[in-house]
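Below: the structure, in structure tokens.
Per chain, numbering begins at 1; letters A, B, ... match sequence-line order. Values reported hereafter were calculated over all heavy atoms of this structure, with side chains retained and with hydrogens, waters and symmetry mates removed.
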Amino acid sequence: MEINIKFFGKLAELTGENELTLEVPDETGIKELEGRFTEQYATWNLQTYLVAVNQNITEQQALKNGDEVAFLPPFAGG
Amino acid sequence: MEINIKFFGKLAELTGENELTLEVPDETGIKELEGRFTEQYATWNLQTYLVAVNQNITEQQALKNGDEVAFLPPFAGG
Amino acid sequence: MKQEIKNHFINGPISSDFIADAIKKHQVNTAIGAFDIFLGQVRQDEIDGKVVTGIEFSAYEEMANKELIKLKEESLEKFDLIEAHIYHSLGSIPTGEVCFFVFTSSGHRPAAFAATQHMVNEIKKRVPIFGKEMLEDNTHEWKVNR
Amino acid sequence: MKQEIKNHFINGPISSDFIADAIKKHQVNTAIGAFDIFLGQVRQDEIDGKVVTGIEFSAYEEMANKELIKLKEESLEKFDLIEAHIYHSLGSIPTGEVCFFVFTSSGHRPAAFAATQHMVNEIKKRVPIFGKEMLEDNTHEWKVNR
């Protein structure tokens with residue numbers, strides 16, 4: 001299935017990407033994406049972030065085809 | 001002695017005066033002024049007000065020559 | 001940055017340009033992180049079924065100015081403020097116009113929030129300003145803060 | 001008078017003219033007696049002895065706009081508000097410039113005061129806006145709301 005990934009702020013800086021589209025196995029969840037990023041990007045596992053799926057913050061793990069998964073570092077608005 | 005009287009808001013309307021200078025006996029206090037206004041102005045004794053002497057709100061009665069005595073109806077600023 | 005403005009009174013309504021200028025003028029201080037601005041506007045209330053068309057404000061100006069300076073100094077001391085300003089209209093203010101403007105700034109937001117509220121509440125209680133509510137039938141009522 | 005502005009973001013600093021226009025535009029409602037306006041300004045802080053020269057803001061805009069609309073609707077319901085507006089800057093905002101503007105109006109002052117504070121606090125917690133603090137030596141730090 002296809003997952004759209006978004007990185008913001010410090011995580012966009014760390015990965016060098018704002019957006020990625022990944023083709024992943026059907027059973028892939030948030031944990032599998034995090035495992036992949038930990039291997040791919042140095043210091044990923046030291047980062048603090050929330051995860052939003054389709055623009056809602058969630059702790060749910062499962063993903064489905066076409067989901068938009070955003071990794072959100074600490075907020076700094078205001 | 002000479003006392004400068006100021007009326008504001010509803011009291012200026014009631015008395016028809018913003019300012020008065022009164023020549024009064026030396027022992028005159030706030031109470032004597034109020035007695036005088038009660039006789040002079042209909043409904044004076046029904047009014048709610050604070051008294052300021054030389055621009056400070058006070059409950060003190062005594063006055064001295066040259067004092068500025070203001071009669072202040074309820075505040076409406078803001 | 002403690003700035004003393006002796007005359008807090010403005011004849012007629014307070015314009016949005018006046019408010020914008022006040023913001024612009026005080027923005028230069030780079031220690032400021034937060035502004036809180038309160039505006040009081042003349043409401044088209046009904047009194048005994050009659051519509052209010054405006055308020056005519058008057059004040060015991062010398063005493064009011066002293067009291068406002070005291071209140072600003074108190075507030076600058078009590079809260080962690082950088083600046084504090086107060087303006088009030090005198091004369092006839094039609095409904096829908098701003099008659100009261102309180103402006104505070106601070107490094108962080110809690111001080112500005114707390115100080116603006118404190119100043120607005122205290123002005124209503126402590127400062128000799130009087131208001132005649134003008135009604136549609138050309139009668140009036142004297143306004144009383146509660 | 002519930003008015004939905006879908007785009008809460010402004011590129012660059014929020015000018016005092018923009019703020020004045022917002023006041024002017026919303027003043028026409030004669031049920032309004034009180035406005036409370038919060039402005040957030042970029043502070044010239046020091047981080048590890050280095051002076052902050054500005055903040056570069058970015059946002060997850062689609063999610064942030066949804067969250068801001070939800071927050072306004074919640075606030076209009078929870079408080080006795082007439083209007084509520086929120087604007088935030090994106091891009092590079094130098095110190096001494098306004099980057100955040102929250103504006104509420106109500107019949108009487110307690111609602112506007114309470115709602116503006118609530119909205120400011122919630123935005124800091126709930127809305128995905130990110131800030132890079134630019135330092136004088138051209139390094140940067142990622143800002144974190146506490």
Problem set entry | Largest heavy-atom contact set with chain D, pairs under 4.5 Å, which of C:V42, C:V120, C:D45, C:V102 | C:V120

Exercise. More than 12 foreign heavy atoms under 6.0 Å from CG of C:D137: is that the case here?
Worked result: yes

For this session: Working to the nearest 0.5 Å, report the span between OG of D:S15 and CD of C:Q27.
Result: 9.0 Å

Exercise. With C:I37, which of D:I23, D:L39, D:D36, D:I19 fulfils side-chain contact (heavy atoms from CB on, under 4.5 Å)?
Worked result: D:L39

For this session: Identify the two heavy atoms, one from D:G107 and one from C:R43, that lie closest to each other, and give their separation to 0.1 Å.
Result: O-NH1, 2.7 Å

For this session: For chain C, find which of D:I32, D:D17, D:V52, D:T95 contributes the most heavy-atom pairs closer than 4.5 angstrom.
Result: D:I32

Problem set entry | Closest non-hydrogen atom pair between D:Q117 and C:Q117, with its separation | NE2-NE2, 3.0 Å

Problem set entry | D:A34, part contacting chain C, at a heavy-atom distance under 4.5 Å | both

Exercise. Which bit of D:N121 is near chain C, if near means a heavy-atom gap under 4.5 Å: side chain, backbone, both or neither?
Worked result: both

Exercise. Given that the side chain runs from C-beta out, which part of C:V98 has a heavy atom under 4.5 Å from chain D: side chain, backbone, both or neither?
Worked result: both

Seminar exercise, completed: Closest non-hydrogen contact found for C:Q41 with D:N29 is NE2-O, 3.3 Å

For this session: Give, as side chain, backbone, both or neither, the part of C:D21 having an atom under 4.5 angstrom from any heavy atom of chain D.
Result: neither

For this session: Give a yes or no on whether the ring-centroid distance for C:F113 and D:F38 is below 6.0 angstrom.
Result: yes

Seminar exercise, completed: Pair count under 4.5 Å, heavy atoms only, with chain C: among D:G33, D:A112, D:A20, D:A22, highest is D:G33

